[in-house]
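Below is one structure, written out as structure tokens; the observations come after it.
Bear in mind the structure is a predicted one, so any value in this text is a computation, not a measurement. Note: hydrogens, waters and symmetry copies are ignored here, and every other heavy atom, side chains too, is used. Naming convention: chains lettered A, B, ... in sequence-line order (proteins, then strands); numbering from 1 in each chain.
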Number of protein chains: 2
Amino acid sequence: MAFRLDDTDRKILTELQADASRSLDEIARAVGSSKTPVWNRIKKMRDAGIIRQQTVLLDAEALGFEATFFVLIRTSEHEAEWQRKFLATLRARPEVQEAHRLAGDIDYILKVRVKNARAYDQFYQALISEVRIYNVTALLSMEEIKSTLALPL
Amino acid sequence: MAFRLDDTDRKILTELQADASRSLDEIARAVGSSKTPVWNRIKKMRDAGIIRQQTVLLDAEALGFEATFFVLIRTSEHEAEWQRKFLATLRARPEVQEAHRLAGDIDYILKVRVKNARAYDQFYQALISEVRIYNVTALLSMEEIKSTLALPL
DNA sequence: AATGAAAGACGGCGAAT
DNA sequence: ATTCGCCGTCTTTCATT
């Protein structure tokens, strides 16, 4: 899984992360190379799965998604079947933007993005009706200070 | 800031979120329209800031970013100057992918992505040396179950 | 591994409906 | 607000060094 990047690869990824809408020529100029080699490198990284997806970042607030919750979950269940169902539920729910299994006494953390507090409650009710959960703490975000996916290469 | 989207706008955004590398013609076909109207709508949404950025999603693990922490922060300081400095620090630190100010007894949550536990410790030491913090809990992710930015439009 | 050329596809925009 | 269609630019490939 460890992919060897050289300096040029890293520069290309940095440029693409910052703005993937630019033309190959512009990217090439920015990294001090030219079209074809840059194109070949991008293709290689795409094929290797380093570059997963090309997408657009939307303004969630402007689209009416005004509430973000971080949800800390403790469970007493650790059977395979319970976990399978829990994960399937999380994956199926579009308001769940992130879900991680944790080390320590909190078992899972979710990031849930919804239109309002009511929509969160609906999600919460649906979740606990589908799987047994021992303890849930919801942290409500008041302000998104920073949000980026960019990796510091 | 509330932007009025119609059904076609929503479909376009859904398609772009799923794969922004496709041509205008393909997007247009997918949403049941044609090139120019789709182009005009995208331009409008771009200008309105609904579409913020076009970017690539990278495979963090394959690039050696193997540790993700969620960091819960309590502070006793609530002065403007302290907060200004704290936010500036978070924004300047590339390992901080997300930072939210919270309601409730936990004041802030961070998502921190680093190469390994050592790199996290370096971040932590740098953070507490720059600003006074009352209490920090770091939650280590064992498994990323889900990660998406897609909003359910 | 990089350059240059070249075909075809695509974006961007205007005119017309 | 959509269709058609044009032109210039860009992607993608290949031959060459």
Side-chain angles (χ1 to χ4, degrees), chain A residues 1-65 148-153, chain B residues 1-60 62-64 148-153:
Chain A
M1 249 291 180
F3 190 89
R4 270 191 93 68
L5 300 175
D6 68 11
D7 226 51
T8 307
D9 290 327
R10 259 186 288 275
K11 280 189 203 159
I12 292 171
L13 292 180
T14 303
E15 295 297 325
L16 288 178
Q17 284 193 118
D19 183 358
S21 74
R22 277 130 83 224
S23 75
L24 265 183
D25 273 327
E26 285 175 293
I27 306 282
R29 216 173 314 124
V31 306
S33 180
S34 60
K35 242 172 29 171
T36 310
V38 170
W39 190 84
N40 284 325
R41 283 158 181 272
I42 290 176
K43 178 158 170 37
K44 217 194 250 169
M45 292 191 282
R46 229 185 257 294
D47 293 346
I50 298 292
I51 298 174
R52 282 211 155 129
Q53 227 204 114
Q54 198 162 139
T55 190
V56 292
L57 269 33
L58 305 183
D59 183 331
E61 298 235 335
L63 292 167
F65 291 84
T148 181
L149 291 179
L151 301 170
L153 303 162
Chain B
M1 251 293 179
F3 191 88
R4 269 191 96 68
L5 300 174
D6 68 10
D7 226 51
T8 306
D9 290 328
R10 260 185 289 276
K11 280 190 204 158
I12 292 171
L13 291 180
T14 303
E15 295 297 326
L16 287 178
Q17 284 193 118
D19 183 358
S21 76
R22 278 131 81 221
S23 75
L24 267 181
D25 274 326
E26 285 175 292
I27 305 284
R29 215 173 315 123
V31 306
S33 181
S34 60
K35 224 170 53 162
T36 310
V38 169
W39 189 82
N40 284 326
R41 284 158 180 272
I42 291 176
K43 177 159 170 36
K44 218 194 249 171
M45 293 192 280
R46 231 185 256 293
D47 293 346
I50 299 291
I51 298 174
R52 284 211 154 129
Q53 228 207 116
Q54 196 162 139
T55 191
V56 291
L57 268 33
L58 305 183
D59 184 331
L63 292 167
T148 180
L149 292 178
L151 301 168
L153 303 164

> Less than 4.5 Å apart, any side-chain heavy atom of A:Phe65 and any of B:Leu153?
Replying inline: yes
> Which is it for B:Leu58 and A:Arg52 under the side-chain contact (heavy atoms from CB on, under 4.5 Å) test, yes or no, and what are the steps along the way?
Replying inline: CA-CA 5 Å; B:Leu58 305 183; A:Arg52 282 211 155 129; over 6 Å; no
Specify the separation, in whole Å, of atom [atom1] of [X] and atom [atom2] of [N].
X       : N      : atom1 : atom2 : value
B:Arg22 : D:dT11 : CZ    : C1'   : 18 Å
A:Asp7  : C:dA1  : CG    : P     : 14 Å
B:Arg4  : D:dA1  : CZ    : C1'   : 17 Å
B:Arg29 : D:dT3  : CZ    : P     : 14 Å
B:Asn40 : C:dA16 : CG    : P     : 17 Å
B:Leu16 : C:dG11 : CG    : P     : 11 Å
B:Asp25 : D:dT11 : CG    : P     : 16 Å

> Is there a donor and acceptor pair closer than 3.5 Å between the side chain of B:Thr36 and the base of C:dG12?
Replying inline: no
> Taking N and O atoms by type only, does the side chain of B:Lys43 place a donor or acceptor under 3.5 Å from a partner on the base of C:dG12?
Replying inline: no
>> The side chain of B:Ser23 is closest to which nucleotide in this list: D:dC10, C:dG11, C:dA2?
In response: C:dG11
>> Please determine whether side-chain contact (heavy atoms from CB on, under 4.5 Å) holds for the pair A:Lys11 and A:Thr14, giving the CA-CA distance in whole Å, both sets of side-chain angles, and the decisive distance to 0.1 Å.
In response: CA-CA 5 Å; A:Lys11 280 189 203 159; A:Thr14 303; 5.6 Å; no
> Would you say a side-chain N or O of B:Arg41 is under 4.0 Å from OP1 or OP2 of D:dT2?
Replying inline: yes
>> If you compare every side-chain N and O of A:Trp39 against the phosphate oxygens of D:dT11 (OP1, OP2), does one of them come in below 4.0 Å?
In response: no
> Would you call A:Asp47 and A:Lys43 a salt bridge, taking side-chain N to carboxylate O under 4.0 Å as the test?
Replying inline: yes
>> Under 4.0 Å, counting only non-hydrogen atoms across every strand here, what does A:Leu24 touch: a base, just sugar-phosphate, or nothing?
In response: base
>> Which is more 5' along DNA chain C, the nucleotide nearest A:Lys35 or the one nearest A:Lys44? Just name the residue.
In response: A:Lys44
> What's the verdict on side-chain contact (heavy atoms from CB on, under 4.5 Å) for B:Lys44 and B:Asp9, showing C-alpha distance, side-chain angles and the deciding distance?
Replying inline: CA-CA 10 Å; B:Lys44 218 194 249 171; B:Asp9 290 328; over 6 Å; no
